[in-house]
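Accompanying notes for the structure given below.
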Amino acid sequence: MHLARICLYVLVASFLCGFHVHAEPGEERRLQMEALGMQWPGPAPERATNEGQGPYQQLVIEGVMLVDGMGSPPRGPVNIIVSEDRIKHITSYPVPARDGEYRINGTGMTALPGFIDSHAHSVSNPFSPPDYVFKLWLAHGITTVRDVGSIRGLDFTVDHARRSDAGEITAPRIIPYSMFPGDQVVTAQGAKKWVRAVAKKGAKGVKLRGGTRQAQTAVLAETTAMNLGSANHHDQNGVYHMNALASARAGLQSLEHWYGLPEALFVDRTIQDYPPDYNYSDEQWRFGQAGRLWQQAAPPGSPKWEAVIGELIELDFTMVPTFTIYEANRDVARARDAEWHADYTLPGLMKFFMPDPKLHGSYHFDWTTADEVAWRNNFARWMQFINDYKNAGGRVAAGADAGFIFKLFGFAYIRELELLQEAGFHPLEVIQAATLNGAELLGMQDEIGSITVGKKADIVLVKGNPVANFKLLYGTGHMQLDRTRGVVERRGGVSYTIKDGIVFDAKGLLAGIKARVRAAKQ
């Protein structure tokens with residue numbers, strides 16, 4: 001039994017760190033784990049009758065403040081009229097009642113476009129069942145996710161995307177990407193063949209992590225020719241020959257995290273200053289040294305800094321920084337002890353987050369004050385680059401990469417919005433990154449990304465003004481003292497998430513998750 005458990009841990013680690021079966025990542029690993037007595041999460045169940053109502057012939061949201069996602073200031077109160085799955089009309093005049101309609105009293109609420117998580121994994125580890133993940137996303141206003149690779153494989157993700165589009169499951173809209181097996185497909189011919197194969201199976205894009213220059217270049221040429229999306233996490237094993245700028249020139253659409261950017265900004269070196277005894281496979285080494293990388297790049301405002309920003313903007317390149325997933329590196333205690341873990345994090349998932357050298361993202365084995373200070377300095381440079389990029393006209397989209405490093409689905413996304421504001425974004429710029437910019441990255445700006453007549457009815461309703469305070473969007477709400485009554489109370493939390501005209505009770509979804517976590521602990 002002890003040997004089987006060790007084999008299991010090693011298997012999980014190798015799988016989550018990016019080693020995939022050539023044809024179909026996930027299936028072989030799932031069978032191996034089942035042989036060891038462990039089940040991968042099954043498919044999401046059918047949508048329960050009490051989970052989501054509609055779409056309606058007419059849905060009216062009355063008297064709500066509107067933040068449209070296009071950079072416009074809040075306005076209102078307005079009435080938003082939805083017909084089936086489309087926004088039909090926005091008016092400040094009263095809307096006459098009609099038979100069969102459904103009305104939501106939006107007094108005191110703000111309406112925002114449905115959020116788009118531009119870096120998500122519908123199944124990121126064996127301890128996060130898809131329906132648990134989907135409900136946490138919806139409960140935080142996330143109506144669309146760009147799934148850049150589920151460890152259950154492409155078929156699993158494509159099937160859930162279809163079921164979500166049909167309204168069969170309680171889930172956001174899913175845009176499935178397939179992970180490129182760069183350790184196995186090394187030729188240009190093989191790479192092009194792989195792209196065509198995954199597109200035929202339903203992939204809307206591909207996610208790169210590394211591989212030979214020939215293979216990566218061929219993948220990007222083929223995705224461009226086929227009008228597919230592309231994303232890249234430039235891991236250190238391949239960044240020397242394909243940094244962010246080289247990938248963008250080859251046709252890459254979006255940079256995930258920040259790997260590859262400092263390397264494009266090197267002026268006095270070509271390779272990161274690795275310690276002599278560095279071991280990439282030891283994740284504390286990997287992430288500890290990554291936290292010292294931005295200090296090795298050209299400084300802000302330098303000719304190199306400005307030149308890289310300018311060229312990336314000319315290439316219509318998108319940054320998806322996912323600040324939140326690395327926040328634990330600058331303050332482990334804050335991420336580990338976040339207040340939502342007690343009620344909303346499944347015990348198996350919390351155990352997965354804790355230090356273990358055999359598991360991906362669980363690397364704070366001996367994380368020091370010096371490591372945290374280095375990462376705080378790292379964040380300062382990284383945030384300045386992203387803010388400068390935005391100010392120069394570059395596109396930045398919001399993504400969370402939750403499911404690792406103490407980051408819980410939904411909650412992590414709201415934290416990303418706060419971190420974008422910390423980076424220097426005006427709150428309206430943050431909302432634009434979370435909505436319209438994500439839609440543009442997906443090529444879906446004519447359908448989603450703003451509250452505009454004719455677009456999909458993807459709407460978030462929250463009590464209060466999140467432009468003034470993003471904490472109102474957390475499922476746990478915002479703790480505030482009512483000075484008149486001398487009472488500390490929780491305010492906010494998304495009230496309703498509307499996706500394709502289907503109205504989901506966000507607080508009801510969270511209550512179900514809370515009960516599920518309580519039962520799992522018992």
Side-chain angles (χ1 to χ4, degrees), residues 115 117 120 124-125 127-129 132-142 322-355 361-362 364 367 372 375-376 379 398-422 427 430 434 460 462-466 468-483 486-495 497 505-522:
F115 298 139
D117 190 334
S124 57
N125 57 65
F127 313 103
S128 52
Y132 167 76
V133 175
F134 296 159
K135 290 174 183 178
L136 283 170
W137 277 336
L138 283 173
H140 287 88
I142 298 167
T322 69
F323 292 126
T324 185
I325 196 61
Y326 295 114
E327 187 180 18
N329 295 344
R330 67 177 191 175
D331 190 346
V332 177
R334 184 190 197 284
R336 182 191 62 225
D337 300 335
E339 61 181 353
W340 42 80
H341 286 316
D343 288 332
Y344 300 106
T345 303
L346 287 168
L349 182 57
M350 196 66 197
K351 186 175 181 181
F352 173 77
F353 290 152
M354 300 305 288
S362 308
H364 297 101
W367 203 252
E372 291 191 347
W375 265 96
R376 288 176 197 139
F379 261 84
D401 195 18
F404 304 101
I405 322 178
F406 300 109
K407 289 297 177 173
L408 184 60
F409 310 92
F411 291 93
Y413 186 84
I414 304 307
R415 182 58 183 158
E416 181 70 6
L417 305 188
E418 292 191 291
L419 291 169
L420 284 166
Q421 184 171 356
E422 180 183 330
V430 174
V460 183
V462 59
K463 289 184 178 179
N465 180 11
N469 184 8
F470 286 126
K471 293 185 187 302
L472 292 171
L473 295 168
Y474 282 116
T476 44
H478 171 54
M479 190 170 71
Q480 183 176 347
L481 173 67
D482 184 324
R483 296 190 182 190
V487 176
V488 175
E489 54 191 6
R490 293 277 178 173
R491 295 182 178 178
V494 174
S495 295
T497 299
D505 177 355
K507 294 182 182 296
L509 292 176
L510 275 180
I513 292 294
K514 188 173 183 178
R516 181 173 182 169
V517 170
R518 185 186 307 116
K521 288 181 176 180
Q522 292 173 350

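Model, not experiment: these values are computed from the prediction. The basis for the numbers below is simple: all heavy atoms, side chains too, and nothing from hydrogens, waters or symmetry mates.
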Chi angles and distances behind the side-chain contact (heavy atoms from CB on, under 4.5 Å) call for Asn329, Glu372 | CA-CA 6 Å; Asn329 295 344; Glu372 291 191 347; over 6 Å; no
Give the C-alpha distance, both sets of side-chain angles, the deciding distance and a yes or no for side-chain contact (heavy atoms from CB on, under 4.5 Å) between Val462 and Leu473.
-> CA-CA 7 Å; Val462 59; Leu473 295 168; 4.0 Å; yes
side-chain contact (heavy atoms from CB on, under 4.5 Å) evaluation trace for Ser362 with Phe353 | CA-CA 5 Å; Ser362 308; Phe353 290 152; 5.5 Å; no
Decide yes or no on side-chain contact (heavy atoms from CB on, under 4.5 Å) for Leu346 and Phe127, but give the supporting numbers first.
-> CA-CA 8 Å; Leu346 287 168; Phe127 313 103; over 6 Å; no
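Side-chain atoms of Tyr344 never come within 3.5 Å of backbone atoms of Gly475 as a donor-acceptor pair (strictly under, hydrogens ignored). Under the 3.5 Å distance criterion, the side-chain polar atoms of Trp375 are left unmatched by any main-chain donor or acceptor of Glu327. Formation of a donor-acceptor pair under 3.5 Å by the Glu416 side chain with backbone atoms of Ala398 is not found in this model. Side-chain atoms of Thr497 do not come within 3.5 Å of backbone N or O of Val460 as any donor-acceptor pair. Of the possible polar contacts, none joining the His140 side chain to the Tyr413 backbone as a donor-acceptor pair under 3.5 Å is found. Remark: the backbone N or O of Arg330 is paired with a side-chain donor or acceptor of Arg376 at under 3.5 angstrom. Listed for the Glu489 side chain is no donor-acceptor partner under 3.5 Å among the backbone atoms of Asp482.
Rounding to the nearest 0.5 Å gives a distance of 7.0 Å between OG of Ser124 and CG of Leu349. Taking CD1 of Ile142 as the reference point, atom CZ of Phe115 lies at 8.0 Å (rounded to 0.5 Å). Going from atom OH of Tyr474 over to atom CZ of Arg415 covers 5.0 Å, rounded to the nearest 0.5 Å. Distance CG/Leu419 to OG1/Thr324: 5.5 Å, rounded to 0.5 Å. Atom CE of Met350 is separated from atom NE2 of His341 by 4.5 Å, given to the nearest 0.5 angstrom.
Across all non-hydrogen atoms, the minimal contact from Phe470 to Ile414 is O-CG2, 3.6 Å. In terms of heavy-atom proximity, Ala434 sits nearest to Leu417 at CB-CD2, 3.8 Å. Contact between Phe404 and Ile325 at its shortest, heavy atoms only, is O-CD1, 3.3 Å. Looking at every heavy atom in both residues, Phe352 comes nearest to Asn125 through CE2-ND2, 3.6 Å. Considering every non-hydrogen atom in both Thr476 and Phe411, the closest pair reads N-CE2, 3.8 Å. Minimum interatomic distance between Ala328 and Ile405 (heavy atoms only, all atoms of both residues): CB-CG2, 3.8 Å.
Within the 4.5 Å cutoff, the side chain of Phe406 has heavy atoms near those of the Met354 side chain. The shortest side-chain heavy-atom distance between Lys407 and Asp401 does not fall under the 4.5 Å cut-off. When side chains are defined from C-beta on, Phe409 does not count as touching Phe134, because their heavy atoms never get closer than 4.5 Å.
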Atom pairs and distances, donor-acceptor, side-chain atoms in residues 514-522, under 3.5 Å, two or more places apart:
residue: Arg516; atom: NH1; partner: Asp131; partner atom: OD2; Å: 2.9
residue: Lys521; atom: NZ; partner: Ala342; partner atom: O; Å: 2.5

Can you give the donor-acceptor pairs under 3.5 Å from side chains of residues 505-513 to other protein atoms, not counting sequence neighbours?
residue: Asp505; atom: OD1; partner: Lys507; partner atom: N; Å: 3.2
residue: Asp505; atom: OD1; partner: Gly508; partner atom: N; Å: 3.0
residue: Lys507; atom: NZ; partner: Gly492; partner atom: O; Å: 2.8

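Between Glu339 and Lys471, none of the side-chain N atoms (NZ, or NE/NH1/NH2) sits under 4.0 Å from a carboxylate O, so this pair counts as no salt bridge.
Under 3.5 Å, the side chains of Ser495 and Lys463 contain no donor-acceptor pair of N or O atoms.
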